[in-house]
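Values in this document were obtained by computation on a predicted structure and should not be read as measured data.
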Amino acid sequence: MLEIMINEEVIEIEYAAPSTMLLSYLRDQLGLTGSKEGCASGDCGACTVIMIDLHAHSGLRFSQINACITPLNALHAKHIVTVEHLNKNGALHPVQQLVVDKHGSQCGFCTPGIIMSLYALSKRQGNTDKPEDFLAGNLCRCTGYGPLIDAAKEIAGVQYYDPTLADEAAVTAWLSSCNAQTTHNYLKPTNRKQLAEARRAMPKASFIAGGTDLALEITQQLSDIEQIIDISQVDDLLSITELDHGWRIGAAVPLNQVHTFMREHFPSTDELISRLGSLTIRNRATLGGSLGHASPIGDIAPLLISLNGEIEVDDGETKRRHAPHEYITGYRQTLLEKQQWISGVYIPRLGKNQRHAIYKVSKRFEDDIATVVMAFNFRFDTQSRIESCSIAGGGIAAKSTRLSELEAHMLGKPFTQALVREVKALAALHIHPLSDVRGSANYRVSLVQNLIQRFYFECNNIPTRLSDHA
Amino acid sequence: MRRLTQINHLDAQPSDIEFSVVGKSHKHESADKQVSGKALFVDDYPTPSNCLHAAVIVSNIAKGKIESTDFTQVESSSGVIKLITVDDIPGLNDIGPIFKGDPLLSDGTIKYHQQPIALVLARSHRQAWQAASKAKLTYQSETPNLSFEQAQQQPHLLPKNQFGASVDLDSLIESAVVVKGELEVGGQEHFYLEGQISLAQTTEDGGIFIRCSSQHPTEVQTLVAEVLDISFNKVTVDMRRMGGGFGGKESQAAQWACLASLGAHLTKGSVKLRLPRKIDMSATGKRHPFFNSYHIGANKHGVIEKAHIEVNGLCGHSADLSGAIVDRAMFHSDNAYSLGDASIVGNRLRTDTVSHTAFRGFGGPQGMITIERAIQDLSIKTGQDAYSLRLKNLYREGRSTTPYGMEVDQCDMLLEVMQNLEKSSDYTNRRAEIKQWNNSNLVLKKGLALSPVKFGIAFTATHLNQAGALVHVYTDGSVQVSHGGTEMGQGLHTKVAQIVAQTFGIPLDLVHVSSTRTDKVPNTSPTAASSGTDLNGMAAHNAAIAIKNRLLEFAKEHYNLDAEPIIVNGRFETKDQPVDWTHLVQQAYLKRISLSSSGFYKTPKIWFDIDKSVGRPFFYFSIGASCSEVTVDTLTGEMQVDRVDILHDVGNSLNPAIDIGQIEGAFIQGMGWVTNEELVWNKDGVLLSNSPMNYKIPSIGDYPKQMNITLMDKANPEHSIYRSKAVGEPPFMHAISLWCAIYDAVASISQHREIPNLQVPATGENILQACLAQFDAIGYTRDEAEVDNETIG
Ligand SMILES: Cc1cc2nc3c(=O)[nH]c(=O)nc-3n(C[C@H](O)[C@H](O)[C@H](O)COP(=O)(O)OP(=O)(O)OC[C@H]3O[C@@H](n4cnc5c(N)ncnc54)[C@H](O)[C@@H]3O)c2cc1C
Ligand code: FES
Ligand code: FES
């Protein structure tokens, strides 16, 4: 049994196949056709709806999510708000009215999704420095975005009367009173022990965290995944804890929360994470998911490698830690064993004389898979020599890699243009990327070389970045 | 992240004439419904009971023959009701819109990757597509021709044509300055947010009723009838709105409508066919890739005297609309410049891919960017600023005839637009600032370009320049309008409603534009060539005028007036008291005055002599200019748009908000075409850029840091509808200034001495290659960079 509040109604669902996505349920079962399907892969945002859940500190939490890649079973005890709900009383919601006034819809197909992302923005307390980020996951082929940017700026930080959520107390009460989910073929353990049991009960089941990767097997490859274990509610995977030398981040903490944390403690990672998918994706996606599929073009593995992080795996009994470049053994292959899951990652604090940078080059600046990711973490001694370094790359081999030949060559030497030249030459010898739809092998080699150059320039305060030039 | 400054979206520009309804920024007629999810698209209509869902089985190879088919697993797949192949088609299998050559289902020959071979009907969408993937097919595969070089060796799809007498290339060499080059221009995926979709239902007469997402309902109607071998009058197409079209649903919506209809016809029920995004992207045609060459001679001042330009469209496997698309590329190979003695040649090459089709600009952009690239080259050869070369070469008095013999009437306007934009964009000062910036920045280089757009308005196939409308006035005073145009977001219905309200002299809210239906207005042209409002607006106006004339004549007599009254805002004066519209309508009804009329319009003045390649193919030109500034990262090829200024002429704007929306949307779409939107096929003819994961249209973060759009406020000298000008396509080509700005930034590496090898789209990879070539040419290595090592650590 599954309970979801959709708009005003609490819906009890006896059984839903694990591969049923929220979007098709809304459109085909409930006749709520306001949310559209533009891609069924999380790329266009036409299906955007709001998921409301209870957050321990801040109360009701509003997140925009892609209904096309969110399994219905993942939404037990959540409140879903669709575009139909915003003007339930007949009058347009202030956010809807604003988009009308700005002439922000042309063909109107993207519009419901845009409205929901803007609604999420209007629910954000306090100022947001980049209100447009809320629309980064919404493609519009007609308007060119100008009126939507205007609308987002006007909405940001303004307190709107929200006719939709008249009775917050009732919603809160319902959210906190739901029974545990009882669905077969879709298990949702809440602690290590239960997770280990679930694993034993369904050894063939797929794990799901945010589903932003797994769901594509269902919506794009059209496979019917029969059994799923949802790890997103397991307490051990959900916290960020400070330790002596650094932090442990739970594997199922949504990336938007990871982002807030990283921005504070590792500002050099801010840009990368803000360009990982879109805010809509990051509301669901997790670190564990990214390391789980271990795609060679994922952003997280190079990030972890360069920060000298570790991956913690668990089987309910014993936790083990692996260095990420050892944990990932090949193309989408890892050391993870059948009965294990990823429970968290460890990231050590950066020292004072340490310099970290991570660069992503992709065709489109936002919400695009990397052509190449390069990350650098150098520690200099008192004579400005390179005392230790890690250089990580994504998009340049069958897996995210650590470029140890380059590292070895640099150790103990002062970081000079002459050294940069040597390392660039060395890089050309040691990396053998593929040509694909995102770029040729030659381009990737040039990027690796020039990103080393960029790191050097940045260490020398020479402006190299488009995003921060005047 | 890019921070933005003010943009004047809603600045209503004053018109020459005072209007009460047209000229105002009324909201889109569906805006309220769109923002609340109530605007219905085809997939949103409740499906008829027992509606089946269709999927297509598609080819895995690009060229060859089907050797064997085994559909047993398809047929036994869960939910499957029926499998349909080419042998089940009662009528014609060829649905070519103009020329033959587009099979509905493969007859055994495979012409492109993902070509439909059979149709599966099942209980659900998912079941149908799951079943379709289970077909077992074997092929005799041949190597596909994909590149320009390969295609050149093959017979052309359609005959070559030429404007102007052949220019003697030997004499061209004698010019003071010669530029010669080639430009590869990429195609573009439409990426309408709503994919191709049709819902077909059989009717009691053995006919078909279709809801589909199509820019050309009449063509859908006729092709469905031909495929099913029934008469046209048994097929009705209802088209309320599209979730974007951009040309991709002009000819290529028909295939899916025909397949859905075939399924419905054979099962005597209803069938819905909706393409998943990946199939949509790989099985439908795109903007044509072109491979163009230019050879231009100028005098020592940079004034062009001679030119020979060749445009080669890669058309895919069939002609589709390629004849006219390459024509339009040729018609725009001059853009706004007098080329002197010029010959322009167009070729239509066959490649073994999907058949490329209409896309906003219809070949115009591919022609126009070629001459703009040539001007950039000329600027490098002459050492003159590209803007001043552009000014010099604009059509002007004494040099105002195009290579196809049409006079450019608004030469003064061309110059005025350029000069006004030069001032408002502060071009000259920024040029100086950029020079300074580039001298002092090692890595980031800026570029600037200001270029014109002159785009011809009318279908080049003269017979398409006709339209019909049907206007009914009901006895409560409300008005219903049907016309042949389709609404795809461009605001056509809003503008037509404004026109009809204006013509009657009544408030806008009395007018409702209904869905486009082939049983209301027959034999229509596609909504394309930017002409939707020009044609259908005028037809609706003519229908309204016919009714209004009857009403005025009646009013004069009935209210005993000296002259026919003037209706303003739904009222007119009589000797005693004002009479309102509804009252007039009811009185007229009682006196048996007809309150309904059709209207018709055909564009005047246009003609074209195909044999001589001269004429006046266009009613008028749409004119504008844009100025773009970019910054390029010479280490990675990444690029950022810093500022864009656009000044565009829409005649008397019918609706400034809608017109500005069209300009802005077109520019950003054009920006995608010249930057990131790269179509990649592998050597087997498989489209690799087949999903939004690997084909990237602009997203919100790509919006220029600063954007200023202004309408040029001048009435159209031609008698167009309320002296407005068409707006759909022309502003797409403003993105060419952005491409030229990238060119400018890259060329700054060599102090504008070396021609950068920049192609379209200028992807990061292409930009980086071009930068590296510039560095090589000047012998620069990063090692020369002087940096202070003390700062590290
Ligand atoms: C539109 C879009 C844009 C994207 N953009 C980017 C991008 O820019 N950069 C990028 O790196 N990625 C991107 N991704 C990929 C993906 O979203 C991320 O990698 C994300 O982090 C996956 O997390 P998830 O929780 O959603 O994974 P899920 O889909 O839940 O899981 C992914 C895989 O890992 C397994 N798994 C999940 N959690 C665990 C666990 N704790 N232990 C063991 N196995 C586990 C699952 O079984 C599954 O096989 C994008 C995806 C989409 C749809
Ligand atoms: S339908 Fe495109 S993101 Fe969901
Ligand atoms: S309005 Fe058409 S896609 Fe946004």
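Each of A/Cys107, A/Ala46, A/Gly144 has some count of heavy-atom pairs under 4.5 Å with chain B, and the biggest count is that of A/Cys107. When each of A/Gly439, A/Gly108, A/Ser223 is checked for heavy-atom pairs under 4.5 Å with chain B, A/Gly108 comes out on top.
Interface remark: A/Ile297 contributes no atoms to any contact with chain B (heavy atom separation under 4.5 Å). Heavy atoms closer than 4.5 Å to chain A are found in the side chain of B/Glu677, but not in its backbone. Using a 4.5 Å cut-off between heavy atoms, A/Leu216 touches chain B through its side chain atoms alone. Contact of B/Met693 with chain A is made through backbone and side chain together, with heavy-atom distances under 4.5 Å. Contacts between B/Leu679 and chain A at a heavy-atom distance below 4.5 Å are absent for every atom of the residue. At a 4.5 Å heavy-atom cutoff, the contact between A/Leu139 and chain B is made by backbone and side-chain atoms alike. Only the side chain of B/Val680 comes within contact range of chain A, with heavy atoms under 4.5 Å apart. The contact between A/Lys363 and chain B is made by backbone and side chain atoms together, counting heavy-atom distances below 4.5 Å. Using a 4.5 Å cut-off between heavy atoms, A/Ile114 makes no contact with chain B at all. With a threshold of 4.5 angstrom between heavy atoms, B/Leu193 approaches chain A through its backbone and through its side chain. For B/Pro698, the parts lying under 4.5 angstrom from a heavy atom of chain A are both the backbone and the side chain. Looking at B/Lys27, both its backbone and its side chain come within 4.5 Å of chain A, counting heavy atoms on both sides. Neither the backbone nor the side chain of A/Asn138 has a heavy atom closer than 4.5 Å to any heavy atom of chain B. Heavy atoms closer than 4.5 Å to chain A are found in the side chain of B/Ile668, but not in its backbone. Contacts of B/Ser689 with chain A are made by both backbone and side-chain atoms, with heavy-atom separations under 4.5 Å. Both the backbone and the side chain of B/Asp43 come within contact range of chain A, with heavy atoms under 4.5 Å apart. Residue contact with chain B, scored on non-hydrogen atoms closer than 4.5 Å, involves the side chain of A/Gln220 exclusively. For A/Thr143, the part sitting under 4.5 Å from any heavy atom of chain B is the backbone (N, CA, C, O) and nothing else. Looking at A/Leu86, neither its backbone nor its side chain comes within 4.5 Å of chain B, counting heavy atoms on both sides. Within the 4.5 angstrom heavy-atom criterion, atoms from both the backbone and the side chain of A/Ser440 approach chain B. With a 4.5 angstrom heavy-atom cutoff, A/Arg454 touches chain B via backbone and side-chain atoms both. Heavy atoms of B/Phe246 lying under 4.5 Å from chain A belong exclusively to its side chain.
Using cut-offs of 30° and 60° for the angle between ring planes, the B/His190 and B/Tyr192 rings count as parallel. Under the 30°/60° scheme for interplanar angles, the aromatic rings of A/Phe455 and A/Phe415 are found to be tilted.
With ring centers used as reference points, B/Phe191 lies 6.0 Å or more from B/Tyr695. The six-membered or imidazole ring of B/Phe732 lies away from that of B/Phe667, with a centre-to-centre distance of 6.0 Å or more.
The pair B/Asp44-B/Arg241 does not count as a salt bridge, with every side-chain nitrogen at least 4.0 angstrom from each carboxylate oxygen. A salt bridge links A/Arg465 to A/Glu271: one of the charged nitrogens lies within less than 4.0 Å of a carboxylate oxygen. Classification of B/Glu29 and B/Arg240 as a salt-bridged pair holds, one side-chain N sitting under 4.0 Å from a carboxylate O. In this structure, B/Lys696 pairs ionically with A/Asp368, as a charged nitrogen and a carboxylate oxygen lie closer than 4.0 Å. Salt bridge present: B/Arg126 and A/Asp224 bring a charged side-chain N and a carboxylate O closer than 4.0 Å. Between B/Lys446 and B/Asp642 a salt bridge is recorded (basic side-chain N to carboxylate O distance below 4.0 Å).
Proximity of a side-chain donor or acceptor of A/Arg379 to a complementary backbone N or O of A/Gly351 within less than 3.5 Å is not detected.
B/Leu442 contributes atom CG, which lies 5.0 Å from atom CZ of A/Phe457 (distance to the nearest 0.5 angstrom). We find the OG-NZ distance between A/Ser274 and A/Lys360 to be 9.0 Å, quoted to the nearest 0.5 Å.
Figure legend: A/Arg385 and A/Phe380 shown without cation-pi pairing, the cationic atom not lying both under 6.0 angstrom from the six-membered ring centre and within 45 degrees of its axis.
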